[in-house]
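Below, chain A is the first sequence line, B the second, and so on; all start at residue 1. What you are looking at is a predicted structure, and each value in this text was computed from that prediction instead of being measured.
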2 protein chains.
Amino acid sequence: MKQDSRLSGVLHVLLHMAQQPGPFTSETLARAMDTNPVVIRRIMAGLREIGYVRSEKGHGGGWTIACDLSKVTLRDIYAALGNPPLLAMGNRTESPGCLVEQAVNAALDQAFDDAEALLLARLGEVTLAMLGEDLRKRLGARKHQGMSAHRA
Amino acid sequence: MKQDSRLSGVLHVLLHMAQQPGPFTSETLARAMDTNPVVIRRIMAGLREIGYVRSEKGHGGGWTIACDLSKVTLRDIYAALGNPPLLAMGNRTESPGCLVEQAVNAALDQAFDDAEALLLARLGEVTLAMLGEDLRKRLGARKHQGMSAHRA
DNA sequence: TTTCATGTAACTTTATATGTTACATGATGA
DNA sequence: TCATCATGTAACATATAAAGTTACATGAAA
């Protein structure tokens with residue numbers, strides 16, 4: 001399975017936006033992320049629907065953060081993306097008649113469910129504000145070396 | 001991402017094999033799994049290399065279990081498959097120069113790593129023998145209803 | 001009314017699991 | 001020896017989903 005990097009991507013966008021007032025055009029954000037404006041709009045669409053960000057058309061338009069960063073967790077952002085699958089593995093058949101497969105599914109599901117629950121719990125523990133705080137620390141550390149946030 | 005069902009599949013095969021002496025041809029196993037013999041050979045190849053199963057060519061050939069089912073865990077089987085990715089999500093860039101992305105990766109990696117570790121730990125707690133025991137219970141329960149393991 | 005920016009559909013590209021065909025290799029049995 | 005059976009494996013086909021791209025409609029600002 002090709003890995004899904006939308007959560008990673010949208011967090012990157014939000015964190016960039018949190019560094020300065022905005023608004024930011026999809027074009028600008030796409031350049032910073034080294035991708036395409038349409039990809040930005042796509043991953044931001046879910047966040048707009050829930051109200052975490054706003055978008056405006058026309059001159060001076062673009063994307064703006066519209067939520068309290070200390071109230072929104074990574075899990076909330078994940079949900080805004082539509083709760084895409086977390087695990088790369090799954091059962092061959094979901095409701096098999098074969099008892100052998102039922103036994104296999106039962107064992108695997110226990111492990112899978114536990115792992116999913118833990119992942120969601122961990123994502124729920126981190127707010128966007130905490131991410132921003134961590135970033136500020138990293139920026140401070142690098143400043144002492146005279147470097148910008150965008151060396152790459 | 002399309003989900004990987006090889007672990008589910010290979011466990012199904014092993015559990016089927018554990019029910020009777022064997023050997024079993026890929027053809028037979030493929031029919032029971034409703035798939036192709038080559039698929040069976042493919043998912044069994046790793047297990048053969050490690051020595052969990054043996055395969056023989058020619059008349060009377062096929063696959064045989066060659067390990068102590070109470071000593072091999074689902075995690076061992078997973079490893080025999082070559083440790084395929086567990087999570088459907090990942091970071092956009094693995095070693096980014098951008099500090100924003102580094103901060104995002106750090107936060108996500110913590111959650112991802114925890115979830116992976118838990119999943120592997122859970123898989124490590126279940127042996128093939130335990131799976132077989134669970135299956136026997138299910139077979140017993142169904143026998144009281146006069147049904148076979150292959151109703152589907 | 002021109003320009004800018006988003007919204008979105010449609011298509012292409014890429015990655016990966018799964019399914020299939022074809023054939024080589026080697027073991028068994030007549 | 002030789003026909004048959006079964007695995008081993010390469011090569012190709014199909015399916016699914018993410019990511020990238022193009023094209024154009026919509027609507028806001030200058």
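Per the geometry, CZ belonging to B:Arg92 stands 10 Å off P belonging to D:dA19, to the nearest Å. In this structure, B:Leu29 atom CG and D:dA6 atom P are separated by 12 Å, rounded to whole Å. For the pair B:Ile40 CD1 and D:dA6 P, the interatomic distance rounds to 15 Å; values are reported in whole Å. Between the C1' atom of D:dT9 and the CG atom of B:Asn36 lies a distance of 13 Å, rounded to the nearest Å. Rounded to whole Å, atom C1' of D:dT16 lies 13 Å from atom CG of A:Asp4. Rounded to an integer number of Å, the gap from CZ of A:Arg54 to C1' of C:dT6 is 14 Å. In this structure, B:Glu27 atom CD and D:dT7 atom C1' are separated by 12 Å, rounded to whole Å. Residue A:Glu49 contributes atom CD, which lies 10 Å from atom P of C:dG7 at whole-angstrom precision.
For the pair B:Arg92 (side chain) and A:Met33 (backbone), a donor-acceptor distance under 3.5 Å is present. With A:Thr93 contributing its side chain and A:Ser95 its backbone, the two residues share no donor-acceptor pair below 3.5 Å. Without hydrogens or angle criteria, B:Gln19 side chain to B:Leu15 main chain gives a donor-acceptor distance under 3.5 Å. Proximity of a side-chain donor or acceptor of A:Gln3 to a complementary backbone N or O of B:Asn91 within less than 3.5 Å is not detected. Checked by atom type and distance alone, the side chain of A:Gln102 pairs as donor or acceptor with a backbone atom of A:Pro96 at under 3.5 Å.
When each of B:Pro37 and A:Arg6 is assigned the nucleotide of DNA chain D with its nearest heavy atom, B:Pro37 is the one assigned upstream, toward the 5' end.
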Atom pairs, N/O to N/O, protein against nucleotides 11-14 of chain C, distance under 3.5 Å?
{"from": "C:dT14", "atom 1": "O2", "to": "A:Lys2", "atom 2": "NZ", "distance (Å)": "3.2"}

Please tabulate, one pair per line, each protein N/O and nucleotide N/O from nucleotides 28-30 of chain D that are separated by under 3.5 Å, including the distance.
{"from": "D:dA29", "atom 1": "N3", "to": "A:His59", "atom 2": "ND1", "distance (Å)": "3.4"}

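By the rule that hydrophobic residues join a cluster once side-chain heavy atoms approach within less than 4.5 Å of another member, A:Leu128 and A:Leu139 end up as members of one cluster. Hydrophobic clustering (ILVMFWY, side-chain heavy atoms < 4.5 Å, transitive): B:Leu118 and B:Met89 are in distinct clusters.
Side-chain atoms of B:Thr28 and B:Thr25 form a donor-acceptor pair, as typed in the model, at a separation below 3.5 Å.
Counting any heavy atom pair closer than 4.0 Å across all strands shown, B:Arg48 reaches sugar-phosphate atoms only and no base atom.
Close to C:dT6, at under 4.0 Å from its OP1 or OP2, lies a side-chain N or O of A:Arg41. OP1 or OP2 of D:dA6 has not a single side-chain nitrogen or oxygen of B:Thr25 nearer than 4.0 Å. Taking only side-chain nitrogens and oxygens, A:Ser26 comes nearer than 4.0 Å to OP1 or OP2 of C:dT6. The side chain of B:Ser5 places an N or O atom within less than 4.0 Å of a non-bridging phosphate oxygen (OP1 or OP2) of C:dT18.
Residues B:Val104 and A:Ser8 share a closest heavy-atom pair of CG1-O, 3.8 Å. Residues A:Leu131 and B:Ala103 come closest through the heavy atom pair CD2-O, 3.5 Å. The two residues A:Tyr52 and A:Ala80 make their nearest non-hydrogen contact at CE1-CB, 4.2 Å.
Comparing C:dT8, D:dA19, C:dA17 by their nearest atom to the side chain of A:Val39 picks out D:dA19.
Shown here is A:Asp34, whose CG atom has no more than 12 heavy atoms of other residues, nucleotides or ligands within 6.0 Å.
Contacts between residues 105-115 of chain A and DNA chain D, defined by a heavy-atom separation below 4.0 Å, involve no residue at all.
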